[in-house]
Amino acid sequence: QLQASGGGLVQPGGSLRLSCAASRNLFSINAMGWYRQAPGKQRESVAIISSSGNTNYTDSVKGRFIISRDNFKKILYLQMNSLKPEDTAVYFCRWYGLGVDYWGQGTLVTVSS
């Protein structure tokens, strides 16, 4: 249902933009978000955007990451700036709402010199 892309290898201080597109119309979506899972760690929420556009970020990415959505194209974005090695993880997108919960397949982000 969801296809995430945009991951890759980037040097510390660099930027990447992740995208998450739906393969078909998805209904009853109230919010969208990006999550990440680093090796040996639990999956954590990175950024959430509600249907009204309100956003919420985990403390470690505030001021560096920006979540946005294109409602017409049905694409979710995560602009990641000033990347740090500790941002290395597999990033997943999630679209969810009343009775629905869709996850993308994950895209690997590696921050290393």
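These figures come from a predicted structure and were not determined experimentally.
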Legend entry - Considering all heavy atoms, the nearest Ser82-Ser15 contact: N-OG, 4.3 Å
Legend entry - Heavy-atom check, side chain of Ser19 versus side chain of Ile75, under 4.5 Å: yes
Inset, instruction - Answer with yes or no whether the hydrophobic clustering places Tyr35 together with Leu18; edges join I, L, V, M, F, W, Y residues whose side-chain heavy atoms lie under 4.5 Å apart. - result: no
Legend entry - Charged tip of Arg69 within 45° of Trp95 ring normal and under 6.0 Å: no
Inset, instruction - Check the pair Phe65 / Gln79 against side-chain contact (heavy atoms from CB on, under 4.5 Å), numbers first and verdict last. - result: CA-CA 5 Å; Phe65 290 11; Gln79 178 66 43; over 6 Å; no
Compile the donor-acceptor pairs under 3.5 Å between side chains in residues 106-113 and protein atoms, sequence neighbours left out, one pair per line.
residue: Thr107; atom: OG1; partner: Gly7; partner atom: N; Å: 3.1

Inset, instruction - Kindly state each residue pair satisfying disulfide (SG to SG under 2.5 Å) with at least one member in residues 67-113, sequence neighbours excluded. - result: Cys20-Cys93
Legend entry - Separation of Lys41 NZ from Glu86 CD (nearest 0.5 Å): 8.5 Å
Legend entry - Separation between CE of Met80 and CZ of Arg17, rounded to the nearest 0.5 Å: 11.5 Å
Legend entry - In one Ile/Leu/Val/Met/Phe/Trp/Tyr side-chain cluster, 4.5 Å: Ile29, Leu76: yes
Inset, instruction - Look up atom CZ in Arg64 and atom NZ in Lys62, then write down how far apart they are to the nearest 0.5 Å. - result: 12.5 Å
Legend entry - Spacing of Trp103 atom CH2 and Phe92 atom CZ [to the nearest 0.5 Å]: 8.0 Å
Legend entry - Nearest-0.5 Å distance, CD1 of residue Ile67 to OH of residue Tyr57: 6.5 Å
Legend entry - Nearest non-hydrogen partners of Ile48 and Ala31, listed with the distance: CG2-CB, 4.3 Å
Inset, instruction - Search all heavy atoms of Tyr91 against all heavy atoms of Asp87 and return the closest pair with its distance. - result: OH-O, 2.6 Å
Legend entry - Nearest non-hydrogen partners of Ser60 and Arg36, listed with the distance: OG-NH2, 3.3 Å
Inset, instruction - Among Val61, Thr88, Leu16, find the one that has a side-chain contact (heavy atoms from CB on, under 4.5 Å) with Leu83. - result: Leu16
Inset, instruction - Find the distance between CE (Met32) and CG (Leu2) and round it off to the nearest 0.5 Å. - result: 8.5 Å
Legend entry - Gln37 backbone acceptor or donor facing Glu44 side chain under 3.5 Å: no
Inset, instruction - Examine Trp34 and Val100 and state if one hydrophobic cluster contains both, with Ile, Leu, Val, Met, Phe, Trp and Tyr joined whenever side-chain heavy atoms are less than 4.5 Å apart. - result: yes
